Amino acid sequence: MIKVMSEKNQDQDYMRRAIALAKEAAGLGEVPVGALIVRDGQIISEAYNRRETGKNALYHAETAAIDAACRALDGWRLPRCTLYVTMEPCPMCAGAIVNARIERVVFGTPDLRAGAFGGVFDLNDYPLNHKPQIDGGVCEEECRALLQEFFRDLRQRQAGKKSDEAR
């Protein structure tokens with residue numbers, strides 16, 4: 001018997017992989033965001049944030065995944081591709097998504113400070129030449145908790161460092 005997975009189940013499975021990538025980023029001291037690009041049921045590329053370790057503002061999970069997918073598919077257009085990312089893309093990443101012609105974006109938690117697909121504004125509201133389908137809230141609680149825990153720990157480390165300096 002062949003089991004056909006629903007799109008929702010597939011989305012959750014792929015998002016769990018993005019979450020695992022985000023945890024790798026957190027282990028390196030990076031903001032825990034993971035991303036992967038899927039085409040025709042195959043993972044084409046995977047990435048996570050590397051801004052701190054790479055010392056480069058462009059090293060977001062989404063842009064790194066797009067770069068790797070373009071290389072893997074030998075072209076700058078990514079038709080029939082879905083980007084899975086643990087947090088709603090920022091304006092830079094949303095622009096890269098539009099420019100790469102990614103068909104669909106699935107994200108975990110909204111970004112109410114910098115989200116460009118509904119968090120702060122929606123890039124799809126503008127008359128651009130491409131509008132990806134956006135599906136948010138997949139594994140939202142787990143994605144949000146991962147970010148909250150990371151920033152809580154970071155604040156505690158910074159507070160401990162300040163108290164050590166005061167001694």
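Small disclaimer: the values here were computed from a predicted structure and weren't measured.
Between the Gln12 side chain and the Cys139 main chain, no donor and acceptor come within less than 3.5 Å of each other. Not a single donor-acceptor pair under 3.5 Å links the side chain of Asn49 to the backbone N or O of Arg51. Put simply, the side chain of Thr86 gets close to the backbone of Gly34: a donor and an acceptor are under 3.5 Å apart. Remark: side-chain polar atoms of Thr63 are paired, donor with acceptor, to backbone N or O of Leu58 under 3.5 angstrom. At distances below 3.5 Å, not a single donor-acceptor pair connects side-chain atoms of Ser45 with backbone N or O atoms of Ala68.
Looking at Tyr84 and Asp11, their side chains do bring a donor and an acceptor atom within 3.5 Å of each other. Thr82 and Glu103 share no side-chain donor-acceptor pair at under 3.5 Å.
Distance CG/Asn129 to CG/Asn99: 7.0 Å, rounded to 0.5 Å. Here CZ of Arg80 is found 15.5 Å from CZ of Arg104. Values are rounded to the nearest 0.5 Å. Once rounded to the nearest 0.5 Å, the distance linking CD1 of Ile44 with CZ of Arg71 reads 13.0 Å. Interatomic distance, Glu142 CD to Ile19 CD1, rounded to the nearest 0.5 Å: 3.5 Å. In this structure, Leu146 CG and Met87 CE are separated by 10.5 Å, a value rounded to the nearest 0.5 Å. Distance check, rounded to the nearest 0.5 Å: CG of Asp135 to CZ of Phe117 gives 11.5 Å.
Here the closest heavy-atom approach between residue Ile37 and residue Ala65 is recorded as CD1-O, 3.5 Å. Here the closest non-hydrogen pair linking Pro110 and Glu140 is CD-OE2, 3.4 Å. Residues Pro32 and Ala25 approach most closely at CA-CB, 4.2 Å, considering heavy atoms. The two residues Gly95 and Leu123 make their nearest non-hydrogen contact at N-CD2, 3.9 Å. In this structure, His60 and Cys93 approach most closely via the heavy-atom pair ND1-SG, 3.4 Å. Scanning both residues, Ala35 and Leu21, for their nearest heavy atoms gives O-CD1, 3.4 Å.
Hydrophobic clustering, with ILVMFWY side chains joined whenever heavy atoms are under 4.5 angstrom apart, groups Ile43 together with Met15. Grouping the Ile, Leu, Val, Met, Phe, Trp and Tyr side chains by contacts below 4.5 angstrom, directly or via other members, places Val31 apart from Leu36. Residue Val120 is grouped with residue Leu128 when hydrophobic side chains (ILVMFWY) are merged at heavy-atom distances under 4.5 angstrom, including chains of intermediate members. The same ILVMFWY cluster, assembled from side-chain heavy atoms under 4.5 Å apart, contains both Ile66 and Ile134. At a threshold of 4.5 Å between side-chain heavy atoms, the hydrophobic network of Ile, Leu, Val, Met, Phe, Trp and Tyr places Leu112 and Phe121 in two separate groups.
For the pair Pro79/Arg101, no side-chain contact is recorded, criterion being any heavy-atom separation below 4.5 Å from C-beta on. Using a 4.5 Å heavy-atom threshold, the side chains of Phe107 and Val138 count as separate. Within the 4.5 Å cutoff, no side-chain heavy atoms of Leu28 are placed close to those of Glu52. A 4.5 Å side-chain heavy-atom check between Arg16 and Tyr14 finds every atom pair outside the cut-off.
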Inset, instruction - Would you check, one step at a time, whether the test side chain to side chain contact (heavy atoms under 4.5 Å, CB included) holds for Leu73 with Cys81? - result: CA-CA 11 Å; Leu73 297 174; Cys81 287; 4.1 Å; yes
Legend entry - Step-by-step side chain to side chain contact (heavy atoms under 4.5 Å, CB included) determination, Leu78 to Arg39: CA-CA 9 Å; Leu78 299 175; Arg39 181 176 178 181; over 6 Å; no
Legend entry - CA sep, side-chain torsions, deciding dist, call: Glu62, Leu83, side chain to side chain contact (heavy atoms under 4.5 Å, CB included): CA-CA 8 Å; Glu62 300 96 323; Leu83 169 73; 4.0 Å; yes
Legend entry - Chi angles and distances behind the salt bridge (charged side-chain N to carboxylate O under 4.0 Å, His left out) call for Arg157, Asp153: CA-CA 6 Å; Arg157 285 193 307 271; Asp153 291 349; 5.0 Å; no
Inset, instruction - Start with the C-alpha gap between Thr109 and Glu88, add the side-chain angles, then the distance that decides, and say whether side-chain hydrogen bond (donor to acceptor under 3.5 Å, both in side chains) holds. - result: CA-CA 6 Å; Thr109 189; Glu88 179 185 356; over 6 Å; no
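Relative to the six-membered ring of Tyr59, Arg50 meets both conditions, a distance below 6.0 Å and an angle of at most 45° to the axis.
Counting heavy-atom neighbours within 6.0 Å of Gln42 CD, excluding the residue itself, gives a total of 12 or less.
Salt bridge status for Arg17 with Asp13: absent, with no side-chain N to carboxylate O gap under 4.0 Å.
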